[in-house]
Amino acid sequence: IGIMPVDSAHPENEDWTCFEQSASLDIKSFFGFESTVEKIAMKQYASSIKKGKEIIEFYLNQLDEEGISQVPRWTPSSSSSVTTKPIANASNNDATQSDATSSDATSQPDDQMENQTGTPDDKLDADYIKRYLGDLTPLQESCLIRLRQWLQESHKGKIPKDEHILRFLRARDFNMEKAREILCQSLTWRKQHQVDYLLETWTSPQVLNDYYTGGWHHHDKEGRPLYILRLGQMDTKGLVRALGEESLLRHVLSINEEGLRRCEENTKVFGRPISCWTCLVDLEGLNMRHLWRPGVKALLRIIEVVEANYPETLGRLLILRAPRVFPVLWTLVSPFIDENTRKKFLIYAGNDYQGPGGLLDYIDKEVIPDFLGGECMCEVPEGGLVPKSLYRTAEELENEDISLWTETIYQSASVFKGAPHEVVLEIIDAASVITWDFDVCKGDVVFHLYHSKRAPQPPRKDPLVGQHSSITTPGGNNVQLIDKSWTLGLDYSMVESPLTCKEGESVQGSHVTRWPGFYILQWRFHTMPGSASTNLPRVDDVLASLQVSSHKCKVMYYTEVIGSEDFRGSMTSLESSHSGFSQLSHATSNHSQSSSMISR
C-alpha cells in the first residue's frame, strides 16, 4: 500500500491551503486472506487520515490561541538565514510569544486537555507514588488526581485503583479526554459482564486444562509475572471447535485478571511498583494449520477486547523460535495491536534466543523452562490434538451465535452411497495451486481429485461453473457434476491418489496444477471391501457398517485457488516447522506436486 500526502493552494482561492491524501492498494494473493488484508489496509489508511487531521487541527488551534490570523505563503529563500515571521493581530505582543515558547518546552506529546496546570492541592504522597505508581511528572500526577476526582463525582459504580486509572492515562499519553473515554467504556464493559468477579466465578473446562498450552511461570528479572504460551503446540482449531469463541475469550480474560492480581502481589513482595507482566511465546511447531480462518478471526476479536480493557499491562513480549510462516500471521494480527504495545515485542528466529541479547537478558537462568534448554520444570501443558469426540456440533455453536467455523467460508455437504459430492474449479493459469480443508463429520469418505478439459455440466438450478454449487435434496446438500456417460481416462483423468478419510478426521491438502482446465474435487461414500476368499462379510465389516447410520456421510469443506509462488513460500515454511502433534506427508510426481495433512 502506498500513501501520498499532498498540500497545495486551493484552485478557487490561493489564500487557502488544501491538504489531500491518496492511497493505492494492490493485493494479488495472500493465502486466502485477501479481504482481511484489504480491511486492515483500510483501517490503517483511515487511522493515518485521522492522525493527520489531529496534527493539523492542533497547530491551527495553537495559531489561533496566539492570535495569529494569517500565515504568508512559503517561498524558497535565497538566504538560509532569513526566516519569515507570521503576521499577528495587534494583541499578539512579545510577551505572548515568550509565553508560547515556554509552554512548548514543557508540553506533552499529543494535544492535552485544556488548563491541565496542577494546583497546590493536586498532590500525592511522594512515598505512595514511589511505592505503588512509579515516576510521575507533576503534570501526570495532576492528570491522575483529576481523572480520579471526576470518577468519584460522576461514575456510578466501583472506582478503580490508581494503578488501573494510570494504565489508561499512559495508553493515551496522558490526554485526559481520550483516557476518560476509554476508561468509562471499559468500566461499563466490566460491569455488564461481571468481570470483577471472574476469578471467583469462572471455572476452566477440562479441555482447556488439558490442551491450552499456556500458564504462569515465576517472574522475570524485573519482578514482572511471567506468562508462557506454547502457541506452536496448541491445537487452535480443536479448541475453537470444542469450546467456541465465548469460552476462549473468558479464559483469556481470566488470565489477564490473574495477571493484575499477580502484579499487585509482586508489588508488595519486591517493594516497588510492578504494573505489567512479561509474556513468552514459543512458536516451535507453528505451521499453516494455525492460520485456520475461524481461529484467526477468533484471535483478532480476543485481541480487540484485551487491547480495549487491559492497556499497558504487557511489559514485554518475547517471541521465540519464529518459523518463516510467522510473518503471515504477524501481518494479519499486528494492525489490531496498539503501536505502543508493538514496540515491546522482541522476536527471535531459530535458536537466536540462546545468544547475546536473548532470554538471559530478561529471565534468570534458574527459571528458564526445560523445553527451551533450561533446568526449570515447566508445568504448562504440552498440548496435542483435541479429540474429535469433544467437538461441539455446528448446531450447538449456531445456537450460541458462535458459528465461527461455518460462517461464509465452509460449505456443508452430504455424501450418499452412489451419489458423491463434487466441486469443480476452473484453472486458467497452469501454475496455480488448489488447496482444500475439510472435516469428516459423519461416516467415512474417499477423496478424489480429477482433471478434465471439458466443463462438467452444472446443476440445473445453478448455471455458474467454478462456484461451490449446491442443490438441496431431502438428505442435505449434494452435487454430482461428472456425467455418468464420461469414461475415466478418456473424458477425465485422476490426478491424485484416492485418500480414505475416517469419521472425525480433519484433512488439509494442496495440488500444484500442471494443465489448465477443470479440476473436480470429489467426496465419495466409502464402501467397506469384502473378504476375497469368501462371499460372507467379515465381522469387522459388519461392526463398521453398524457405526454408520443409513448410507449417508457429511463433510464440512473449504477450497480455494492461489498462486503457485505464494504457496511454495508457505510450504517451505510449513516444512521447516516441526509440530509435536501433526505430520506432513509430501508426494511429488512428474506431473504435479501435492501435500496432504490428516489429523485424528
Side-chain angles (χ1 to χ4, degrees), residues 206-207 210-211 235-244 289 292-295 384-399 403-406 409-423 435-449 468 470 473-480 496-510 521-531 537-559 579 581-585 595-600:
Q206 189 60 41
V207 65
D210 295 337
Y211 297 99
D235 181 11
T236 53
K237 180 176 181 178
L239 288 174
V240 173
R241 292 282 300 274
L243 295 169
R289 178 182 173 84
W292 183 61
R293 288 165 182 75
L385 285 177
V386 177
K388 301 297 173 66
S389 60
L390 299 179
Y391 282 13
R392 300 166 74 181
T393 65
E395 289 75 16
E396 288 176 330
L397 295 175
E398 287 174 354
N399 291 337
S403 53
L404 290 174
W405 60 287
T406 59
I409 59 175
Y410 279 81
Q411 306 273 345
S412 175
S414 297
V415 180
F416 301 94
K417 190 173 184 178
H421 179 75
E422 297 168 344
V423 173
T435 66
W436 54 83
D437 179 357
F438 65 87
D439 295 307
V440 185
C441 304
K442 179 181 179 182
D444 299 344
V445 299
V446 180
F447 177 70
H448 295 266
L449 181 63
H468 293 186
S470 63
T473 66
N477 295 330
N478 176 265
V479 179
Q480 190 170 359
E496 287 287 345
S497 300
L499 182 65
T500 302
C501 309
K502 302 293 184 180
E503 180 176 326
E505 288 183 345
S506 294
V507 181
Q508 294 84 34
S510 63
L521 290 80
Q522 181 191 81
W523 290 268
R524 182 181 295 275
F525 186 92
H526 178 56
T527 304
M528 294 292 179
S531 175
R538 298 180 302 175
V539 175
D540 291 343
D541 297 339
V542 175
L543 293 177
S545 63
L546 292 176
Q547 296 176 1
V548 181
S549 60
S550 70
H551 296 286
K552 171 184 173 182
C553 300
K554 185 176 181 181
V555 295
M556 300 288 297
Y557 70 91
Y558 172 78
T559 182
S579 173
F581 57 81
S582 63
Q583 182 179 359
L584 176 68
S585 59
S595 65
S596 297
M597 182 169 63
I598 303 179
S599 56
R600 295 175 171 83

Please report the shortest heavy-atom distance between [X] and [Y], naming the atom on each side.
X: Lys552; Y: Ser414; value: CE-OG, 3.5 Å
X: Pro420; Y: Val415; value: CA-CG1, 4.2 Å
X: Thr435; Y: Thr559; value: O-OG1, 2.7 Å

query = Ignoring hydrogens and geometry, is there a side-chain-to-backbone donor-acceptor pair from Thr500 to Val446 under 3.5 Å?
reply =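 No, the answer is negative, given that no donor and acceptor are paired below the 3.5 Å cut-off.
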inquiry  = Looking at Asp235 and Val386, would you say the former's side chain and the latter's main chain have a donor-acceptor pair under 3.5 Å?
reply    = yes
request  = Test side-chain contact (heavy atoms from CB on, under 4.5 Å) on Phe447 and Val507 and set out the steps.
outcome  = CA-CA 10 Å; Phe447 177 70; Val507 181; 6.0 Å; no
remark   = Residues at least two apart in sequence or cross-chain that pass ring pair (Phe, Tyr, Trp, His ring centres under 6.0 Å) with Tyr211, listed by chain then number, are none
Does the side chain of [Y] come within less than 4.5 Å of [X]'s, by heavy atoms?
X: Ser412; Y: Met556; value: yes
X: Cys553; Y: Trp523; value: no
X: Tyr557; Y: Val423; value: yes

query = Can you check side-chain contact (heavy atoms from CB on, under 4.5 Å) on His526 and Val445, steps first, answer last?
reply = CA-CA 5 Å; His526 178 56; Val445 299; 5.5 Å; no
key: Test side-chain contact (heavy atoms from CB on, under 4.5 Å) applied to Tyr391 and Asp439, step by step   = CA-CA 11 Å; Tyr391 282 13; Asp439 295 307; 5.5 Å; no
Just how far is it from atom [atom1] of [X] to atom [atom2] of [Y], taken to the nearest 0.5 Å?
X: Glu503; Y: Lys554; atom1: CD; atom2: NZ; result: 12.0 Å
X: His448; Y: Gln522; atom1: NE2; atom2: CD; result: 5.5 Å
X: Leu449; Y: Leu499; atom1: CG; atom2: CG; result: 11.5 Å
X: His421; Y: Leu521; atom1: NE2; atom2: CG; result: 9.0 Å

